[in-house]
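In what follows, every chain begins at residue 1, and chains take the letters A, B, ... in the order their sequences are listed. The structure presented is a predicted model; accordingly, all values stated were derived computationally and were not measured.
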Amino acid sequence: MTDLGLLIKDANNFEPYQVFESGQCFRWENDGDGYAGIIKDKVIKVKKLDRDILIENVSKEEINDVIYYFDLDRDYNEIKGKLQFDAYLREAMEYGSGLRILNQEPFECLISYIVSSNNRIPQIKRVVDNLSKMYGKPIKYRGKTYYTFPSPDVLANVQICEVQESRCGFRAEYICDAAKRVAWGDLDLSALKGQDYFTAKAELMKVKGIGEKVADCILLYSLQKYEAFPVDVWVNRVMTEIYIHQKISLKKVGEFARERFGNLAGFAQLYLFYYYRNKRGGVTNDGGIN
DNA sequence: TTCCAGGCGAAGA
DNA sequence: TCTTCGCATGGA
């Protein structure tokens, strides 16, 4: 902790560009001298300073929230060591060496991934941003206004047709349904954290708009279920090309991955997704275009 | 124009 | 259980 904020020295396993542009989160924004985002209703800024990372606007009381959000207590060298047995994954971990899995706020994560279905990342970001501007609380920071993600209570009291103004399309009814379930206590997100992976996943999949893939994303990016292995079009491509060599169902791809990577499957998924998508998708590793 | 996106639900086989 | 199809929206 310094006067400026939380300083992480020699942050080998934390590269802000990789973390925030990996497709796991949708609200962190690069404003030129770092990434700005919101943790627990407070604007936080993350800057890369040579080999160190500076996290600004954090008080002593909030330090544990920030450590939890960025998962700073986890030993990523140990995780990488355990996954070294896999040659392709070694390449992927080298390429995305600064990736980490965030602990996002579960409700925001749930709605964001409902929005993600059959959608593109820039459009997902736009919709999540629209929802925040429409129903979140404004926060001023250094002359700029940011918006918190709306609470379940607020979203539960909004009409479907109104939510559609966020440009979320057919997903509006899923968003409203999910918000009501959480607000009314039918779905207790904090309780899911104490349940095993399969039980928590089945609970999430009761919600309209949440299938295998979206449930895995919510479990992995907000509830610390690292057996989760979200299989989207990109992960399916890389798994088929590198490991499986034949067309099988997406569910079986996930089962294959859990068998191979065990309770580190979620970490493997993020490295594989980032490496394969950026290599094939024509995006470089530092924000540029090939 | 047509295709497709970090999929899902419903219907039919 | 598995396959097929429609779905709002917007960019290529």
Side-chain angles (χ1 to χ4, degrees), chain A residues 18-28 92 96 99-102 104 106 108-131 134 158-179 181 187 201-223 225-226 228-241 246-257 265-283 289-290:
Chain A
Q18 294 182 358
V19 171
F20 297 128
E21 307 291 347
S22 62
Q24 66 177 306
C25 54
F26 304 101
R27 294 252 292 151
W28 287 84
L99 285 169
R100 15 183 358 100
I101 294 180
L102 301 173
Q104 299 179 56
E108 174 175 346
C109 191
L110 184 153
I111 299 295
S112 299
Y113 278 96
I114 285 178
V115 171
S116 80
S117 94
N118 199 27
N119 216 343
R120 290 172 201 264
I121 291 179
Q123 179 69 7
I124 301 164
K125 288 183 174 173
R126 193 173 311 140
V127 171
V128 175
D129 198 47
N130 287 342
L131 288 171
M134 289 161 69
V158 176
Q159 300 296 315
I160 293 174
C161 59
E162 208 179 315
V163 169
Q164 274 172 332
E165 288 174 20
S166 69
R167 316 308 292 159
C168 63
F170 63 88
R171 307 164 192 88
E173 65 165 297
Y174 302 155
I175 293 172
C176 291
D177 178 56
R181 281 175 185 260
L187 176 62
K201 184 170 180 176
E203 198 61 31
L204 282 172
M205 286 175 65
K206 289 179 184 169
V207 180
K208 252 189 150 187
I210 301 183
E212 289 267 349
K213 192 268 173 183
V214 168
D216 270 341
C217 286
I218 299 164
L219 292 168
L220 183 57
Y221 299 132
S222 72
L223 293 165
K225 300 298 175 199
Y226 300 112
F229 190 87
V231 183
D232 70 322
V233 286
W234 290 101
V235 174
N236 188 38
R237 281 172 196 152
V238 63
M239 291 303 289
T240 304
E241 182 185 325
Q246 57 178 317
K247 198 179 164 189
I248 59 173
S249 71
L250 300 182
K251 186 168 182 172
K252 288 197 166 144
V253 172
E255 288 166 3
F256 176 94
F267 296 98
Q269 189 270 359
L270 187 63
Y271 290 119
L272 291 172
F273 173 80
Y274 186 78
Y275 184 45
Y276 195 83
R277 178 172 176 271
N278 284 12
K279 267 203 334 176
R280 296 301 179 92
V283 183
I289 302 295
N290 280 333

### A:Q24 side chain to A:L102 backbone, donor-acceptor under 3.5 Å
yes
### Query
Do you know the tightest heavy-atom contact between A:F229 and A:M239?
CZ-SD, 3.8 Å
### Task
Answer with base, sugar-phosphate or nothing: what part of the nucleic acid does A:Y221 contact at a heavy-atom distance below 4.0 Å?
base
#### Entry: Donor-acceptor pair present, A:R171 side chain and C:dC7 base, under 3.5 Å
no
### Query
Between A:K252 and A:E212, is the closest basic N to carboxylate O distance under 4.0 Å?
no
## Note on the structure
note: A:K125, atom NZ; C:dG11, atom C1'; distance rounded to Å ~ 15 Å
### Task
Calculate the interatomic distance between A:I101 atom CD1 and B:dG6 atom C1'; express it in whole Å.
14 Å
### Query
DNA chain B: A:P122 or A:M205, which has the more 5' nearest nucleotide?
A:P122
### Query
Between A:K208 (NZ) and C:dG6 (P), how many Å, whole number?
18 Å
### Query
Just how far, in rounded Å, is C1' of C:dT9 from CG of A:D129?
17 Å
### Closest nucleotide among B:dG6, B:dG7, C:dG10 to the A:Q123 side chain
C:dG10
#### Entry: Flag, side chain of A:Q269 to backbone of A:P230, donor-acceptor distance under 3.5 Å
yes
### Query
Can you tell me how far C1' in B:dG6 sits from the matching atom in C:dT3, rounded to whole Å?
22 Å
### Message
To check you understand the geometry: which heavy-atom pair defines the closest contact between A:A215 and A:K201, and what is its length?
### Response
CB-CG, 4.0 Å
### Message
What contact category does A:V115 fall into here, base, sugar-phosphate, or nothing, at under 4.0 angstrom with non-hydrogen atoms?
### Response
nothing
### Query
Which part of the nucleic acid, if any, lies within contact of A:G209, taking any heavy atom under 4.0 Å across all strands shown: a base, the sugar-phosphate backbone alone, or nothing?
sugar-phosphate
### Query
Using atom P of each nucleotide, how far apart are C:dA8 and B:dA11 to the nearest Å?
15 Å
### Message
Just the rounded figure in Å: distance from P of B:dG6 to CD1 of A:I218.
### Response
17 Å
### Distance in angstrom units between A:F229 CZ and B:dG7 P, rounded
15 Å
### Message
Whether A:R126 contacts C:dT9 is assessed here as follows: a side-chain N or O lying under 4.0 Å from the phosphate OP1 or OP2. Is that the case?
### Response
no
### Query
Separation of A:N278 atom CG from B:dG6 atom P, in whole Å?
12 Å
### Query
Can you tell which of C:dG10, B:dC8, C:dC7 lies closest to the side chain of A:N118?
C:dC7
### Message
Applying a 4.0 Å non-hydrogen cut-off, can you work out what A:Q164 is touching in the nucleic acid: base, sugar-phosphate, or nothing?
### Response
nothing
### Whole angstrom value for the distance that separates C1' of C:dG6 from CG of A:N119
16 Å
### Task
May I ask you to decide if the ring planes of A:Y226 and A:F267 are parallel, tilted or perpendicular, using 30° and 60° as cut-offs?
parallel
### Query
If you look at every strand shown and take non-hydrogen atoms under 4.0 Å, does A:S22 touch a base, only sugar-phosphate, or nothing?
base
### Message
Regarding A:I124, tell me which of base, sugar-phosphate or nothing describes its non-hydrogen contacts under 4.0 Å with the strands shown.
### Response
nothing
### Query
Within the stacking criterion (centroid distance below 5.5 Å, interplanar angle below 30°), does A:Y113 stack on B:dG6?
no
### Shortest side-chain distance from A:Q269, nucleotide among B:dG6, C:dG10, B:dA5
B:dG6
### Task
Verify the contact: side-chain N or O of A:R167 to OP1 or OP2 of C:dA8, cut-off strictly under 4.0 Å; return yes or no.
no
